[in-house]
Amino acid sequence: MFVCLLLSGKFITIFVSDMKLPLSFYQRQNVVKIAQELLGKVLCTNFDGSITSGMIVETEAYSDRERGCHAFRGRTERNKVMFETGGISYVYLCYGIHHLFNVVTNEKEKADAVLIRALQPMKGEEIMMERMGVRSVKRITSGPGKLSKALGIDRSCNGKQLTSDDIWIENGNQKIMKKDFVARRRIGIDYAGRDALLPWRFSIKSSDWVSR
DNA sequence: TACGTGATCACG
DNA sequence: GTGATCACGTAA
């Protein structure tokens, strides 16, 4: 989408869907709202000259004030990047196999994050299929472990700024409104007690690309 | 439903 | 040091 701005008496035209989200997007306080707003945005990577990307169709919010969050019990070696200023990635290894990609939000010392759970592939489908060892794009990014593998994200991305040229998030051209997504409880955090019931998982209604 | 997989965390 | 645990994915 092209957008025309009047700035200092001159018209400027910009291509909005190619715009990286600014750090200020991530540095706001309300992680639940940010998780909702990330729906429809486009997660992109560029490793070894291979660009891959996908539209975010499922997210989960984590706040350091509830038991589902890795940072609930304070800073550890694993979660320390969550305590940095928002706008960087938090990537950790889950079950010894899967690299899970999170967006760190909020200001420094407020350790909130959004887990990206599923994408609709956009660019570089061939590269994603090669990385996954499959011949079809079907469900190739429908889960947090799978999308990281498809986009080439591993723990070497931990703590990277999301305005970098390796990994970033673009505005996209989908505007996802409240009526376009559903909120459900988050997956796989039974240890969180009643915080596991918070409806902080968001997915785009009618998307074929959400996790199972 | 069952389990691979290895880093991490809390314990001492 | 050590053992239990784990924000998943696949096969069955």
Side-chain angles (χ1 to χ4, degrees), chain A residues 26 30-36 38-39 41 43 54 56-84 86 88-106 110-121 128-160 162 167 169 181-204 207-212:
Chain A
Y26 307 102
N30 189 338
V31 69
V32 170
K33 183 173 157 115
I34 295 172
Q36 294 170 351
L38 279 168
L39 296 172
K41 305 289 192 283
L43 175 61
I56 297 168
V57 299
E58 183 174 336
T59 61
E60 281 178 358
Y62 288 89
S63 153
D64 63 9
R65 297 202 307 249
E66 49 84 18
R67 308 183 83 82
C69 183
H70 284 172
F72 179 71
R73 287 171 188 80
R75 187 191 311 261
T76 67
E77 185 57 29
R78 177 176 69 169
N79 69 21
K80 62 185 181 186
V81 303
M82 294 181 74
F83 290 80
E84 297 299 316
I88 62 176
S89 62
Y90 167 47
V91 183
Y92 72 96
L93 190 62
C94 183
Y95 296 105
I97 308 170
H98 306 107
H99 301 268
L100 267 52
F101 172 78
N102 295 256
V103 170
V104 175
T105 70
N106 214 329
K110 300 222 175 139
D112 298 346
V114 177
L115 172 67
I116 308 301
R117 287 192 57 87
L119 303 175
Q120 174 176 334
M128 295 192 217
M129 288 190 284
E130 194 178 319
R131 286 178 180 146
M132 300 299 281
V134 296
R135 304 270 311 178
S136 159
V137 292
K138 202 167 180 229
R139 287 195 291 276
I140 203 173
T141 49
S142 63
K146 291 201 288 184
L147 73 87
S148 295
K149 187 173 180 187
L151 268 64
I153 296 170
D154 62 22
R155 284 189 303 159
S156 67
C157 302
N158 191 37
K160 255 203 184 139
L162 295 173
I167 181 163
I169 301 178
F181 66 84
V182 290
R184 300 196 194 88
R185 68 176 61 168
R186 294 168 295 175
I187 300 286
I189 53 163
D190 291 346
Y191 59 85
R194 66 180 162 74
D195 288 336
L197 303 178
L198 291 168
W200 283 7
R201 175 164 57 105
F202 307 103
S203 44
I204 295 183
S207 173
D208 294 329
W209 300 94
V210 297
S211 70
R212 288 206 269 202

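Proteins come first, then strands; the chains are lettered A, B, ... in the order of their sequence lines, and each starts at number 1.
In this structure, the side chain of Arg131(A) engages the main chain of Ala150(A) through a donor-acceptor pair within 3.5 Å. Between the Glu58(A) side chain and the Ser211(A) main chain, a donor and an acceptor come within less than 3.5 Å of each other. Of the possible donor and acceptor atoms, none in the side chain of Ser148(A) sits under 3.5 Å from a partner among the backbone N and O of Ile153(A).
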Full working for side-chain hydrogen bond (donor to acceptor under 3.5 Å, both in side chains) between Thr76(A) and Lys80(A): CA-CA 6 Å; Thr76(A) 67; Lys80(A) 62 185 181 186; over 6 Å; no
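Following rounding to the nearest Å, Leu115(A) (CG) and dG9(C) (P) show an atom-to-atom distance of 10 Å. Straight-line distance from the CZ atom of Arg117(A) to the P atom of dC8(C): 5 Å, rounded to whole Å. Taking atom CZ of residue Arg78(A) and atom C1' of nucleotide dG6(B), one finds them 12 Å apart after rounding to whole Å. Atom NZ of Lys146(A) is separated from atom P of dC8(C) by 13 Å (rounded to the nearest Å). Remark: P of dC8(C) and OH of Tyr92(A) are 6 Å apart, rounded to the nearest angstrom. Rounded to an integer number of Å, the gap from Arg139(A) CZ to dG9(C) C1' is 12 Å. In this entry the distance linking CZ of Arg67(A) with P of dT5(C) reads 16 Å, nearest Å. Note: OH (Tyr90(A)) to C1' (dC6(C)) measures 11 Å, nearest angstrom.
Cation-pi geometry between Arg186(A) and Tyr62(A) is met: under 6.0 angstrom from the ring centre, within 45 degrees of the axis.
Residues Gly96(A) and Thr76(A) each lie close to DNA chain B; by heavy-atom proximity, the contact nearer the 5' end of the strand is made by Gly96(A). Looking at which nucleotide of DNA chain B each of Leu93(A) and Ile97(A) is closest to, the 5′-most match is held by Ile97(A).
Stacking of the aromatic ring of Tyr95(A) onto the base of dG4(B) is not found under the criterion of centres within 5.5 Å and planes under 30°.
For His70(A) and dA7(C), a side-chain-to-base donor-acceptor distance below 3.5 Å is present, hydrogens and geometry of angles not being considered.
In this structure dC6(C) sits in a base pair with dG6(B), meeting the Watson-Crick or G-U test at under 3.5 Å.
Arg155(A) comes within contact range of the sugar-phosphate backbone alone, with a heavy-atom separation under 4.0 Å but no base atom that close.
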